[in-house]
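Right, one structure below, let's go through it.
Naming convention: chains lettered A, B, ... in sequence-line order (proteins, then strands); numbering from 1 in each chain.
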2 protein chains.
Amino acid sequence: MRQPLDPDMFDELCPSALSPFRVGDKWAGMIIRCLEHGPRRFSELRVPLRGITAKVLTQSLRALERDGLITRTTHDEPVRRVEYGLTPLGRSILGPMAVMCDWAQEHWEELLEAREAFPPLGHAG
Amino acid sequence: MRQPLDPDMFDELCPSALSPFRVGDKWAGMIIRCLEHGPRRFSELRVPLRGITAKVLTQSLRALERDGLITRTTHDEPVRRVEYGLTPLGRSILGPMAVMCDWAQEHWEELLEAREAFPPLGHAG
DNA sequence: CAGTATCCTGCTTGATACTG
DNA sequence: CAGTATCAAGCAGGATACTG
């Protein structure tokens with residue numbers, strides 16, 4: 001320890017930039033989890049993602065599709081049907097995500113408590 | 001599979017909201033990794049986080065401190081010195097972060113390739 | 001050295017209305 | 001049903017200048 005930090009440590013091209021906190025947008029993680037147990041339709045995804053608008057959901061899905069994490073399949077039956085599912089690459093991130101979510105579950109309260117105890121001084125209002 | 005999705009799946013209070021993608025801000029993950037091997041001074045942190053301004057670094061550090069992930073210690077010696085270090089809670093997230101970063105290292109290229117291959121049609125320019 | 005104060009911009013998110 | 005188009009708001013991030 002105490003060795004100097006590598007200035008190139010977080011070079012723009014370093015995969016670390018894909019750190020756990022910033023792989024995708026606000027909804028990316030939740031969408032992936034929604035697809036964990038099989039493909040889902042556009043309108044099915046809007047149910048658990050309450051509040052998401054069609055536009056934003058489309059944007060997020062396109063981004064995930066572009067990154068090779070999900071697939072989009074259209075079935076033009078009597079009524080239009082579009083299904084989204086995980087690619088192998090998409091499935092491969094479920095493990096790491098579960099690890100992070102487990103951490104969150106386990107330490108969620110600690111984090112909230114720390115927040116309430118902060119700042120140590122000055123609690124007007 | 002094919003069971004309906006739970007509408008409450010991503011209730012606001014659900015710890016899943018702390019999904020791997022959105023625990024902190026843009027710099028949070030990188031800061032934590034910078035502190036992995038021991039405490040660092042404010043100015044030391046600015047080296048690897050090239051481009052970060054003092055304001056944004058301060059904001060990120062305060063947020064991490066408020067969440068109980070890092071500590072802030074001031075030494076008022078001849079010259080002012082402030083050191084940031086990980087709390088036990090902060091250290092506990094290193095594991096999950098490493099898992100996610102390993103995933104990124106391993107699949108970084110797949111992701112880039114998928115991006116270049118997209119969209120399948122229309123590649124003017 | 002370790003910040004704070006101010007101003008500013010772009011991106012993400014969203015509301016609303018419309019379409020194949 | 002599964003989107004697209006348009007407009008608008010908010011906030012994170014950053015540039016710059018100043019301070020204990």
Protein N or O to nucleotides 14-19 of chain C N or O, pairs below 3.5 Å:
from   : atom 1 : to    : atom 2 : distance (Å)
C/dG14 : OP1    : A/K26 : NZ     : 3.3
C/dG14 : OP2    : A/W27 : NE1    : 3.4
C/dG14 : N7     : A/K55 : NZ     : 3.0
C/dG14 : O6     : A/K55 : NZ     : 2.1

Check: At under 4.0 Å between heavy atoms, what does B/R46 touch on the DNA or RNA strands: base, sugar-phosphate, or nothing?
Finding: nothing
Margin query: Test side-chain contact (heavy atoms from CB on, under 4.5 Å) on B/F42 and B/L57; report intermediate values, then the result.
Written below: CA-CA 8 Å; B/F42 187 85; B/L57 179 55; 3.8 Å; yes
Note to self: Run B/E106 and B/W103 through side-chain contact (heavy atoms from CB on, under 4.5 Å) and show every step you take.
What the structure shows: CA-CA 5 Å; B/E106 203 170 331; B/W103 180 90; 5.8 Å; no
Notebook entry, point to check: Taking atom P of C/dA2 as reference, at what distance in whole Å does atom CD of B/E44 sit?
Noted result: 8 Å
Next item on the list: Would you mind reading off the distance between B/E77 atom CD and C/dC1 atom C1', rounded to a whole angstrom?
Entry: 12 Å
Next item on the list: Under 4.0 Å from any atom of DNA chain C, heavy atoms only: list the residues of residues 78-86 of chain B that qualify, in numerical order.
Entry: B/R80, B/R81, B/V82, B/Y84
Note to self: Regarding B/R62, tell me which of base, sugar-phosphate or nothing describes its non-hydrogen contacts under 4.0 Å with the strands shown.
What the structure shows: sugar-phosphate
Note to self: Working to the nearest 0.5 angstrom, can you tell me the gap between A/R72 CZ and A/L64 CG?
What the structure shows: 13.5 Å
Item checked: Atom pair distance, as rounded to whole Å: CG in B/L49 and P in D/dG13 -> 12 Å
Next item on the list: Could you list the residues that satisfy side chain to side chain donor-acceptor pair (under 3.5 Å) with B/E113, not counting sequence neighbours?
Entry: none
Checklist line | Rounded distance (Å) that lies between atom P of D/dA12 and atom CG of B/L61 | finding: 16 Å
Margin query: Through direct or indirect side-chain contacts below 4.5 angstrom among Ile, Leu, Val, Met, Phe, Trp and Tyr, which residues connect to B/V99?
Written below: A/V99
Next item on the list: Take the protein atom NE2 of B/H75 and the nucleotide atom P of C/dA2, then report the distance between them rounded to whole Å.
Entry: 10 Å
Next item on the list: Would you please confirm or rule out a distance under 4.0 Å between OP1 or OP2 of C/dA2 and any side-chain N or O of B/R40?
Entry: no
Check: Apart from A/V47 itself, which Ile, Leu, Val, Met, Phe, Trp or Tyr residues share its cluster (side-chain heavy atoms under 4.5 Å, direct or through members)?
Finding: none
Next item on the list: Let me know the distance between CZ of B/R41 and C1' of C/dC1, rounded to the nearest Å.
Entry: 7 Å
Checklist line | Polar side-chain atom of A/R91 near backbone of A/L86 as donor-acceptor pair, under 3.5 Å | finding: yes
Notebook entry, point to check: Is the side chain of B/R46 donor-acceptor paired with the backbone N or O of B/I52 at a distance under 3.5 Å, no angle test?
Noted result: yes
Next item on the list: In sequence, state the C-alpha distance, the side-chain angles, and the governing distance for B/E65 and B/R62, and then conclude on side-chain contact (heavy atoms from CB on, under 4.5 Å).
Entry: CA-CA 5 Å; B/E65 193 192 353; B/R62 290 285 183 282; 4.0 Å; yes
Notebook entry, point to check: Would A/E110 and B/S92 count as a side-chain contact (heavy atoms from CB on, under 4.5 Å) if you check the C-alpha gap in whole Å, the side-chain angles of each, and the deciding distance to 0.1 Å?
Noted result: CA-CA 12 Å; A/E110 277 179 81; B/S92 75; over 6 Å; no
Item checked: End-to-end axis angle, where each axis spans five pairs of the helix from C/dC1-D/dG20 to C/dG20-D/dC1, to 10° -> 50°
Notebook entry, point to check: Would you say C/dA2 has OP1 or OP2 under 4.0 Å from some side-chain N or O of B/S43?
Noted result: yes
Notebook entry, point to check: Rounded to the nearest Å, what distance is computed from the CG atom of residue B/L57 to the C1' atom of nucleotide D/dA15?
Noted result: 16 Å
Check: Is it the case that more than 12 heavy atoms not belonging to A/E77 sit under 6.0 Å from its CD atom?
Finding: yes
